[in-house]
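Below, chains carry the letters A, B, ... as their sequence lines are ordered, and counting in each starts from 1. In this text the structure is predicted, and so the values were computed from the model without any measurement.
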Amino acid sequence: MSFSNVLQILVGGLTMGSVYALVALGFHIIYNGTRAINFAQGEQVVLGGVIALSCMSTLKLPLPLAFFLTLIIGGVIGYFYERLAIRPNLETSELSIIISSIAVAIILQNSIAVIWEKDPMYFPPFTKGGSLEFMGAYMLRQSLWIMGITAASVVALDRFFHQTLLGKAILASANNSEAARLVGISPFRMVSCSFILSGCLGAIAGSIVAPLTFAGGPLGTMIAIKGFAGGILGGLSSSRGVVLGALLLGILEFFIATFISEGYRDAIAIFILLIALMLKPEGLFAQE
Amino acid sequence: MRGIKELAMNRNTYSKVIDFMLFLIIFLFPLFDSNEYHLDVAVIIGIYCIINIGLNLLLGNTGQISIGQAAFFGIGAYCSAVLTTNLHLTFWLSICFAAILTATLGISVGLTSLKLRGHYLAMATLGFGIIASTVYVEWTELTGGTSGFLNIPAPSIFGFQLDNEFKYYYLVWAFVLLVFISTQHLINSRIGRALQAIHEREITCGAMGINPAKYKLKIFTLSAAYAGIAGALFAGFQNYISPESFSVYSSIIFLCMIVIGGLGSVWGSIIGTVILSIFPEFIRAVASSEFISPQIKAILNEHSYHLIAYGFFVLIIIVFLPEGIVGGVKRLEAKAYEWLHSKQIVIE
């Protein structure tokens with residue numbers, strides 16, 4: 001195992017890990033607000049990819065504009081998703097929220113197949129050109145975009161939660177919704193905001209990963225599972241934890257695929273994750 | 001008017017009569033509808049019912065979530081397929097071995113995940129499901145990989161060939177009845193009450209001398225064994241099995257079925273399974289009926305509209321009946337009772 005090998009694994013792992021991190025952050029935000037798992041998160045990612053593709057090919061928008069439009073559409077879909085499917089069950093049980101989200105995942109996945117195509121579609125990389133070489137390791141240009149945009153999103157989200165009034169209100173409501181209600185924060189509106197945010201995150205993740213995985217197709221489930229696994233590995237209740245957990249999972253996967261077995265990659269990665277879960281059930285990077 | 005009161009007093013007998021009638025309908029069904037395809041669907045429903053009764057016992061009565069139930073189902077199926085096809089064991093023995101194997105795996109998964117609950121348990125069982133489905137695909141020498149395990153012999157019991165849907169229907173639903181009765185007894189026994197107590201107040205239970213870990217492990221094992229038996233029945237019925245039937249998606253659908261039917265109720269598992277299995281068939285029947293013009297038919301057949309409809313169907317039920325269908329019926333029953341009280345029809 002040479003240095004360039006290690007570097008290659010790090011680059012590949014961090015690229016996919018970044019996508020998982022965005023998905024995991026979506027899980028984390030919804031988990032904080034509702035204590036439920038949002039099974040539609042993966043389909044929201046796929047949706048982001050196909051919407052960005054349509055913005056570029058059908059509306060002929062330039063990439064940055066298409067990206068922002070996708071972000072907004074993702075948020076709007078998140079809003080309606082919450083109002084129609086989640087709000088009615090918000091006060092019954094987490095399990096009914098989970099089932100709602102499964103139903104929405106099925107609807108989204110098949111709507112994408114009906115409106116766009118069943119098979120994945122080609123999505124051009126953000127910048128053209130061959131891969132970059134750095135100390136013997138090769139890196140796609142898109143990898144840089146993915147890592148950069150993810151890092152920017154993570155920082156922006158952190159700022160939002162700790163420096164804006166709305167962000168603080170969401171955190172307050174997530175921590176203690178009774179007390180938050182007493183000081184005039186509507187918990188319903190905060191859950192709504194959480195879903196808008198996670199919709200935006202899904203749209204970002206979908207449009208940046210599409211050049212690597214193509215847009216559309218049956219990818220959603222696997223991405224959602226990986227994001228969730230990464231989140232659990234790091235500790236679903238901490239935002240720093242989910243990002244670190246997801247990055248670690250990405251690297252772990254690449255390591256296994258390179259050195260052990262490509263076919264058993266997911267199985268071994270999940271197995272290691274389960275062992276980590278047994279040893280430290282609250283997550284590797286959970287605060288407290 | 002006394003009749004109503006007496007019925008209320010003998011709620012137990014009353015529900016037993018309903019159980020009996022419903023199972024009578026189930027067992028008379030093939031005599032009135034001998035359509036092969038309908039029976040085929042009904043056999044699969046019966047197999048899913050066995051899994052879901054176990055899953056509901058786990059989630060509804062003990063509060064442990066599992067998104068890996070399809071893994072046990074698959075292990076049971078492959079175990080039975082390998083034993084009957086490669087080793088030429090009898091079908092009965094293969095069912096027993098499938099149950100033993102899945103129960104053993106259930107104990108080991110249950111033991112390792114005893115500390116976990118809620119989302120962590122969901123992740124652990126989901127992970128187990130993913131590992132199992134990777135193994136089905138990758139271990140090609142044993143499972144045949146993605147192309148599936150072919151030529152599983154049709155089962156026979158004591159020399160009696162179960163070679164058509166009609167005969168198999170009775171075998172599967174006899175198993176459902178068996179599982180139904182034993183689960184109903186379990187719920188109404190000391191163990192069932194202990195489970196309910198664990199579900200509601202786990203720490204208090206410890207203080208009362210109920211060991212929550214022991215009970216949770218037992219139920220986890222039992223539900224795994226149910227899924228294993230269902231898998232063996234599935235393999236015998238299908239003649240060929242492939243990894244798709246045991247994917248994570250199936251586990252998620254099983255979860256939907258029991259929540260929609262009603263958690264903590266054995267009938268809830270059966271009703272949820274029946275409704276969510278029949279709905280796609282119903283849509284398919286509508287799409288191919290003669291009232292629809294061929295143009296629309298072509299569009300409907302080309303795309304996965306039926307799955308979108310399925311998603312909306314699940315969503316509508318869960319939004320309007322968050323406690324599931326059985327919960328909704330119970331609420332209605334309570335309301336009717338209240339109304340009877342207010343009209344003084346029922347006299348205390």
Side-chain angles (χ1 to χ4, degrees), chain A residues 27 31 35-37 39 84-89 91-115 118 218 221-222 225-226 228-229 231-233 236-237 261-275 277-278 281-283, chain B residues 59-60 65 67 109 112-135 137-140 145 247-249 252-253 255-260 263 299 302-324:
Chain A
F27 277 116
Y31 173 75
R35 301 283 145 191
I37 317 168
F39 269 94
L84 299 177
I86 304 296
R87 181 74 57 93
N89 282 337
E91 291 194 315
T92 50
S93 73
E94 290 144 32
L95 212 61
S96 52
I97 299 180
I98 292 178
I99 302 297
S100 288
S101 76
I102 293 173
V104 170
I106 295 173
I107 295 170
L108 282 182
Q109 186 180 19
N110 294 292
S111 304
I112 292 169
V114 167
I115 299 172
K118 249 198 186 111
T221 323
M222 214 51 213
I225 289 171
K226 296 288 178 57
F228 181 56
I232 290 274
L233 182 64
L236 209 52
S237 53
S261 153
E262 173 70 43
Y264 280 106
R265 185 183 70 180
D266 292 340
I268 296 172
I270 296 280
F271 187 68
I272 293 173
L273 176 128
L274 291 184
I275 291 172
L277 210 59
M278 302 305 142
E282 68 277 13
Chain B
L59 181 59
I65 193 167
I67 320 183
V109 175
T112 45
S113 53
L114 264 184
K115 274 202 297 186
L116 309 171
R117 64 194 63 199
H119 297 84
Y120 299 100
L121 186 59
M123 181 67 232
T125 48
L126 177 67
F128 178 64
I130 294 170
I131 293 172
S133 45
T134 315
V135 172
V137 174
E138 296 293 325
W139 195 359
T140 40
S247 66
V248 172
Y249 182 76
I252 291 176
I253 294 298
L255 198 65
C256 286
M257 285 172 172
I258 62 163
V259 175
I260 282 202
L263 285 180
I299 297 172
E302 196 180 335
H303 293 295
S304 40
Y305 285 103
H306 63 281
L307 286 170
I308 301 179
Y310 183 76
F312 275 109
F313 183 67
V314 173
L315 189 61
I316 287 168
I317 295 186
I318 201 69
V319 164
F320 289 102
L321 294 170
E323 313 109 316

Item checked: CA sep, side-chain torsions, deciding dist, call: B:Met123, A:Leu273, side-chain contact (heavy atoms from CB on, under 4.5 Å) -> CA-CA 10 Å; B:Met123 181 67 232; A:Leu273 176 128; 3.8 Å; yes
Checklist line | Evaluation steps, side-chain contact (heavy atoms from CB on, under 4.5 Å), between B:Val135 and A:Tyr264 | finding: CA-CA 8 Å; B:Val135 172; A:Tyr264 280 106; 4.1 Å; yes
Checklist line | Stepwise side-chain contact (heavy atoms from CB on, under 4.5 Å) check, B:Tyr310 with A:Asn110 | finding: CA-CA 10 Å; B:Tyr310 183 76; A:Asn110 294 292; over 6 Å; no
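Proximity to chain A (any heavy atom under 4.5 Å) is restricted, for B:Val248, to the side chain, taken from C-beta onward. When heavy atoms are compared at a cutoff of 4.5 Å, B:Phe320 does not approach chain A at all. When heavy atoms are compared at a cutoff of 4.5 Å, A:Ala105 does not approach chain B at all. Both the backbone and the side chain of B:Ile318 have a heavy atom closer than 4.5 Å to some heavy atom of chain A. For a residue to count as touching a neighbouring chain, one of its non-hydrogen atoms must lie under 4.5 Å from one of that chain's; by this rule B:Ile316 does not touch chain A. Of the atoms belonging to A:Ile86, not a single heavy atom falls under 4.5 Å from chain B. With a threshold of 4.5 angstrom between heavy atoms, B:Ile317 does not approach chain A through any atom at all. Interface residue B:Val319: backbone and side-chain heavy atoms are both found under 4.5 Å from chain A. Neither the backbone nor the side chain of A:Thr221 comes within less than 4.5 Å of any heavy atom of chain B. Only the side chain of B:Ile67 comes within less than 4.5 Å of a heavy atom in chain A; its backbone stays farther off.
In terms of heavy-atom pairs under 4.5 angstrom with chain A, the leader among B:Thr134, B:Ile131, B:Leu59 is B:Ile131. Among the candidates A:Ile270, A:Leu95, A:Ile99, the residue making the largest number of heavy-atom pairs closer than 4.5 Å to chain B is A:Ile99.
Considering only heavy atoms from C-beta on, A:Phe271 stays 4.5 Å or farther from B:Phe128 through its side chain. A:Val114 places a side-chain heavy atom less than 4.5 Å from the side chain of B:Ile308. A heavy-atom distance below 4.5 Å is not found between the side chains of A:Leu274 and B:Thr112. Residues B:Ile252 and A:Ile106 are not in side-chain contact: their nearest non-hydrogen atoms beyond the backbone lie 4.5 Å or more apart.
Atoms OG and CG, from A:Ser101 and B:Leu315 in turn, are 10.0 Å apart once rounded to the nearest 0.5 Å. Taken from CD1 in B:Ile260 to OG in A:Ser96, the straight-line distance is 11.0 Å, to the nearest 0.5 Å. Distance check: A:Gln109 CD to B:Tyr249 OH gives 7.0 Å after rounding to the nearest 0.5 Å. Atom CG of residue B:Leu321 and atom OG1 of residue A:Thr92 lie 11.0 Å apart, to the nearest 0.5 angstrom.
Taking B:Phe313 as the reference, B:Phe279 meet the ring pair (Phe, Tyr, Trp, His ring centres under 6.0 Å) condition, with sequence neighbours excluded.
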